[in-house]
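Order of appearance sets the numbers: ligands from 1, and atoms from 1 within every ligand. From a predicted model like this one, the values you see are computed outputs, not experimental measurements.
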Amino acid sequence: MSHVLAAVAWPYANGPRHIGHVSGFGVPSDVFARYMRMAGHDVLMVSGTDEHGTPIQVQADAEGVTPRELADRYNRVIAEDLRALGLSYDLFTRTTTRNHYAVVQELFAGLHRNGYIVPRVTTGAISPSTGRTLPDRYIEGTCPICGYDSARGDQCDNCGNQLDPVDLINPKSKINGETPEFVETEHFFLDLPALADALRQWLDGREGWRPNVLRFSRNLLDDLQPRAITRDLEWGVPIPLDDWRDRPDKRIYVWFDAVIGYLSASIEWARRTGDPEAWRRWWSSDAEGRDARSYYFMGKDNIVFHSVIWPALLGGYSGAGDHDGEPGALGRLNLPTEVVSSEYLTMEGRKFSSSRKVVIYVRDFLERYDADALRYFIAVAGPESNDTDFTWAEFLRRNNDELVAGWGNLVNRSVSMAAKNFGAIPPVDPAGLTEADEALLATARAGFDTVGDLIGRHRQKQAIGEAMRVVAEANKYLSEQAPWKLKVEADKPRMGTILHVALQVVSDANTLLTPFLPHSAQQIHELLGGTGVHAPMPVLEEVDDLDGGPAYPVLTGDYTVGARWESVPLEAGRPLAAPKPVFRKLDPSIVEEELARLAG
Ligand SMILES: [Zn+2]
C-alpha cells in the first residue's frame with residue numbers, strides 16, 4: 001500500500017468550465033484516484049480554483065465587482081460542476097483562503113532564505129491609469145520584425161517571433177487602449193538556473209512518463225532564465241519580506257501562488273481532519289521509509305509549471321540546488337513522481353473558444369445528458385495522448401452503440417431474465433459449469449489485473465477498452481447460450497446457471513467500470529440486490545475559513561467506503577431489484593439540435 005497524491009490542475013475562476021477542461025484534468029484524475037482507492041492505496045486527491053492574477057482583476061473591473069466577488073461566483077459554479085461529474089476530491093478548495101496565503105508565504109520565505117529568490121530592477125509596462133503591471137499579452141502593437149500590426153507583447157502571431165513589449169511599435173493596452181508606460185520597477189525573480197542541475201538529475205531518474213512530456217521538460221532545462229514571481233497588482237498574496245509585506249501595490253505572481261495550491265490544499269485537508277500533520281504522509285518519503293507517490297494531472301499547456309517550476313520550488317525550499325540551504329518549517333518535500341499531461345480536445349474540428357461560442361459548458365451538458373455518458377466519451381475518445389475532436393455525432397454513436405447497446409443491454413437482459421424467472425440470483429446447477437461458463441468467468445476475473453495495471457500506468461483508453469471487451473464477451477456468451485430458449489421445467493437449472501454466470505460477470509464488469517462510470521456503477525450494484533455505497537460520491541459543503549476569513553464551499557467526501565478492486569462472488573438467492581434501464585438511448589435529432597446551438 002502506498003500513499004498516493006492525486007494532484008489535479010486548478011481551474012481558473014474567471015468563468016464556467018467547458019468539457020475540454022474536464023476531459024484534460026478532471027475525469028482522468030478521478031478515474032485514477034478511484035481505482036487507486038479501490039486497489040487499497042491511501043489516496044489524497046486535492047485541487048481548487050485558481051483565483052488571483054490580472055485576468056480576474058480585469059474582468060471584475062469590467063463588471064464593476066471586486067475580484068473577490070467574481071472569484072466567489074465562479075468558484076461556486078466550478079465546484080458544483082465538478083461535484084455533478086462525480087469527481088472524488090478529498091478537498092477541492094480555493095487560493096483565496098488564509099491557509100493558502102500562509103503556505104505560499106512560507107514557501108516564498110524559505111526559497112528566499114536559501115538564496116533562490118533574488119531582487120532585480122526591470123523595465124516593465126504599467127497602465128498609467130491604474131499603476132498595475134500590464135502583462136505582456138495585454139499589450140498589442142506593430143511587430144518590430146515583420147510589421148504585423150496586431151502583434152502581442154510576448155509574441156507575434158504572424159512571424160512567430162518571441163517579443164519584448166518594449167520593442168513593439170505603437171504599443172497599446174488591450175484593456176482600455178491607453179499607451180502603456182515603461183518604468184523601472186523592482187521585482188523578485190526565481191533563480192531557475194541555480195536549480196537546473198538538480199532538476200536535470202531528478203528528471204533523469206523519472207520512469208514511466210509519457211515520452212513527449214519527458215522530452216519537452218528536458219528541453220526546457222536547456223534554456224532556463226530567472227523568472228519574475230512578483231507583479232504590480234493589488235490582487236494576490238502579499239510578499240512576506242520586511243519593507244514589502246505592507247505594500248499595497250506588489251503581489252506574488254499568480255502562477256507562483258497557484259502551483260503551491262497542491263501543498264496548501266493538502267495541509268488544509270489535514271487541518272480539517274483534526275490531524276494537522278497528516279498531510280506529511282503524502283509529501284515526505286524520508287520518514288519511516290514510507291512510500292509516498294504523487295501524480296499531477298493537467299493539459300499540455302501546463303507542463304512547464306509541473307515538470308520544471310513546481311519541482312524547482314519544492315527543491316529550492318528543501319535545500320536542493322546550487323545554493324544548497326536548509327529545508328524550511330514544512331521539512332523536505334517530495335518532487336512529483338509523475339507529471340501526467342493530456343493533449344487537447346477540440347469541438348467539431350475547432351478550438352474551444354468561449355468568446356467565439358465554440359463551447360459547451362459542463363453544466364449545460366449535464367442539464368441535457370448524464371454525467372456517465374460524458375465520462376464514457378472522455379474515457380474512450382478523450383485526448384489522452386493525441387489531440388482529439390469532440391463531435392456530437394460521435395458522442396451519439398458512442399452512447400447509443402457502446403454504452404446502451406453494449407453494456408446497458410448486457411445488464412438489462414441478464415437482470416430482467418433472472419428477475420422474471422427466479423426473482424433472485426439463481427443458483428448454479430449441481431451438474432456444474434460448462435467450459436464456456438468457466439471461460440467467461442475467467443475472462444472477467446483476469447480483467448482485474450489487466451484493467452488495473454493499465455489505469456495505474458495512465459493508459460485509460462486501453463483500460464476501458466479491456467473492460468468493454470469483457471462486456472462484449474458476456475453479450476456473445478448470452479447470445480450463444482440463449483437462456484430464453486430453455487423454457488421447459490427440466491431446463492430451468494441450466495437456465496439458472498447461465499444467468500448466474502452472466503450476473504457474476506455483470507458484477508465483475510461493473511467493478512472494472514466503476515472508476516470510469518461511478519454513477520451507473522452504484523445503480524447496477526443496487527439492481528444486483530447490493531446494498532450500501534458501491535461508488536462513493538463527493539459532496540459540496542459550506543465551511544468556515546480555518547483562520548478567520550470568509551466562509552466558502554468545498555468539495556469533499558468519505559471515500560473509505562465502496563467496492564474493492566476484486567471479484568466478489570454473488571450469493572445465490574439474493575433478491576434482485578426491479579429491473580430498470582441504467583443508460584439513456586439518445587435520439588439522433590440531438591446532433592442537429594446541438595449543432596444549431598453551436599451555430600446560434
Ligand atoms: Zn512579426
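- A cation-pi arrangement is present between Arg231 and Tyr253, with the terminal nitrogen or guanidinium carbon under 6.0 Å from the aromatic centre and inside a 45° cone about the axis.
- Looking only at atom types and distance, the side chain of Arg120 has no donor-acceptor partner in the side chain of Thr122 under 3.5 Å away.
- The aromatic rings of His458 and Tyr295 are tilted relative to each other, their planes meeting at an angle between 30° and 60°.
- In this structure the side chain of Val254 never reaches within 4.5 angstrom of the side chain of Ile56, judged on heavy atoms.
- Protein-derived N/O/S atoms nearer than 2.8 Å to the Zn ion (ligand 1) total 4, waters excluded.
- Annotation: cation-pi pair Arg227/Trp255 present, NZ/CZ under 6.0 Å from the ring centroid and within 45° of its normal.
- When the salt bridge (Lys or Arg N to Asp or Glu O under 4.0 Å) test is applied to Asp222, the partners found at least two apart in sequence or on another chain are Arg200.
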